[in-house]
Amino acid sequence: MTSEKISAGGNTSSQSGLGGDFAGRSRQPEKLGGFTYPKYPFMAPPEIKSGETRHYPVVVVGGGMVGLTAAIDMARKGVRCVLLDDNDTVSAGSRSIAQARRTMDIWSRLGCSKPMSEKGVSWSRGHTHHGADTILSFEVFAEGGSRFPSFTSLAQYYVEHFLVERAERLYELDLRWLSRVVNLRQNDDYVELDIETPEGTYSVRADWVIAADGANSGVRDALGLGFPGDRLKDRFVIADVLSDADFPFERNFWFDPPFYEGNSVLRVPQADSIWRIDWQIDPEDTSDRALDPEVVDSRLRRIFGDNSFKVEWVSTYTSQHRLMDSFRHGRVFFAGDAAHQFSPFGGGRGGNSGVQDADNIVWKIAAVVHGKADAGILDSYDAERRPIARRNIEDSSKSTAFITPQNAHSQSLHDAVLKLATRVPFGKNYVNTGRFSVWPVLENSPLSVPDGDEFADAGRPGTPSFDCPVLLANGEKGWFNELIGDEFALVIYGDFQVTEKDDVMARLSEIFPTRIVRIAPKGSQPSEGYVVDDGNYFAEQYDARVGTTYMFRPDQHVLARWRSFNAKTVADGLESALGKSEATG
Amino acid sequence: MKLNTEPAKTLEVDDVYAKLLALGNGRSDPDARCAMSALILLLINHIGDPDVLDDALQIVSDFPSREAARS
């Protein structure tokens, strides 16, 4: 699509990314740096030939990073899934560029993190400047033992390209490009979607729909649902710029720089010699003026100095903070920008939280489709993910409020902090150019089994798995997340006698496929049936002692933990999570 | 110097900043300045140490305004 607006304009577009409006001269490029835009062909689905309305377990609307993640996960779980996207290629510009460690862990589970890691770059230092002075520098450390850095700098078009490559290899997944949802109805039994294509309109039915169709979600409109929140005053131009400049591979943020007085500028390195540049513009500036090639070139000339550069993609951007009242409406689940929007300076929350939404809802729908869980489990999606979205809005609002003061009072606070930052040790702590998104713990989840035993706070129920290297029985290095996989997993630490193990496993397996992982403390010899916590990461992160037992959910979050393994307690925890305690009790 | 300028572990800086910002909500600029000044006096009274006040005054003694810094 060569529309003027990428995710705006009333289409059901697809590519989830930064939580705001893109406008102006942001046309779809054919190439971006070393990346050539793929064209995914439209192929007439059976419904067009036969005229019949087919029924599928799951339809995903939107083929951006969120929708693709959901569809891949769903198909891997053996659920037949149709993905509808109104476009035929990937994200026009870099958009979501900071892929968090947790997000990479999810894509690793889905078998597509390898090309992303290889293509992605990471920067480990950042600097914040005020005027001509550098007021603070920071290092970004990869947390202990991680496979991935805290953030992988990888543009959204690459992410989506790699996700599509993965998706195309899945038999259960039916990718339908240039397929736009124009209407949607639901009743107690199914959802019916009308789809417009280059070869005519047809309808499909689905048990469940995941709406990942972006900030201007057409599904949300079709259901007449609101998207309460605010459009902020601050506006930015964002650009992907190809340059051979040998700038250090670091994040730089300027307040009021000599080369662009009174405004802020962000420069972040990406793959393929692309630099992502964001600069603030006057709220009154029209997009046409801000994106005038001469204006853009003169701004960039002052950033790139004598280095040659070429603008590969440019757009204006207005922040919005919006949150749906509920992420579930009947048989429709909203994910990503369709459900929540944050400011881009929130520290990489938009794309990442959307992928984490997908991670959360898919296993639940799959469990219901396979008859392994009661449909009541689906309500936990909103209960678990909406508080995280609300927290993301709060945090990114704080960053935005600091970066772009809106009145004389906030301007003087902003100025005072920037002055204090170089004068007193505590001052720089107040400088907020975007706090990096935090480890997304599902607090107070209705599924979690509250701690009954004494434990440290870290690793509490609702925490995503903290991946770490382990020594496998054959002496080779493995990864904890690969051991727990994407079924339920029971992880038992130390040489603890598990009595009646076969009976327990038989009972658990009746409820849901469950793996057992036995971890031996650091220093143990690798032996059959055990992996060794060689770096002591598991013991430290999970406050583990001999007998400590953790149960992980299929999305690799902690469901429950106990100081000793008890078969009945474990089975009860699993049943209550799946909403089956009454059915079987 | 008696003034403690190390980060206070008991404070969430982003929350402190949000509270100070909120002081300006619904207030004109002069009213916001009045509220900020009153806040400063309250805290100075609580600290009750003229040396601490002098240390703090010393740090801000040459703080220019935005405009002054430019010209």
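Note: hydrogens, waters and symmetry copies are ignored here, and every other heavy atom, side chains too, is used. By convention in this document, chain letters (A, B, ...) are assigned in the order of the sequence lines, proteins followed by strands, and residues within each chain are numbered from 1. Since this is a predicted model, take the numbers as computed values, not measurements.
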From the list B/D15, B/L20, B/L11, the residue making the most non-hydrogen contacts under 4.5 Å with chain A is B/L20
Does the side chain of A/Y430 come within less than 4.5 Å of B/D14's, by heavy atoms? no
Under 4.5 Å from any heavy atom of chain B - which part of A/N432: side chain
Name the option with the most non-hydrogen atom pairs under 4.5 Å to chain B; the candidates are A/K398, A/K428, A/E394, A/R423. A/R423
Measure the spacing between CD of A/Q411 and CG of B/D29 and express it to the nearest 0.5 Å. 11.0 Å
For B/L23, is it the side chain, the backbone, both or neither that has a heavy atom under 4.5 Å from a heavy atom of chain A? both
Using a 4.5 angstrom heavy-atom cutoff, name the option from B/T5, B/V16, B/V60 with the most pairs to chain A. B/T5
Closest non-hydrogen atom pair, A/N429 against B/V13: O-CG2, 3.2 Å
Taking the side chain as every heavy atom from C-beta outward, state whether A/L420 and B/I59 have any atom pair closer than 4.5 Å. yes
Closest heavy-atom contact between B/F63 and A/K419? CE2-CB, 3.2 Å
Assess whether atom CD of A/E454 is packed by more than 12 heavy atoms of other residues, nucleotides or ligands within 6.0 Å. no
Check this for me: A/N444, atom CG, are more than 12 non-hydrogen atoms of other residues, nucleotides or ligands nearer than 6.0 Å? no
Kindly compute the distance separating OG (A/S397) from CG (B/L21), expressed to the nearest 0.5 Å. 11.0 Å
Before giving the answer on side-chain contact (heavy atoms from CB on, under 4.5 Å), spell out for A/H409 and B/R33 the whole-Å C-alpha distance, their side-chain angles and the decisive distance to 0.1 Å. CA-CA 7 Å; A/H409 174 71; B/R33 281 199 296 275; over 6 Å; no
Would you find more than 12 non-hydrogen atoms of other residues, nucleotides or ligands less than 6.0 Å from B/Q58 atom CD? no
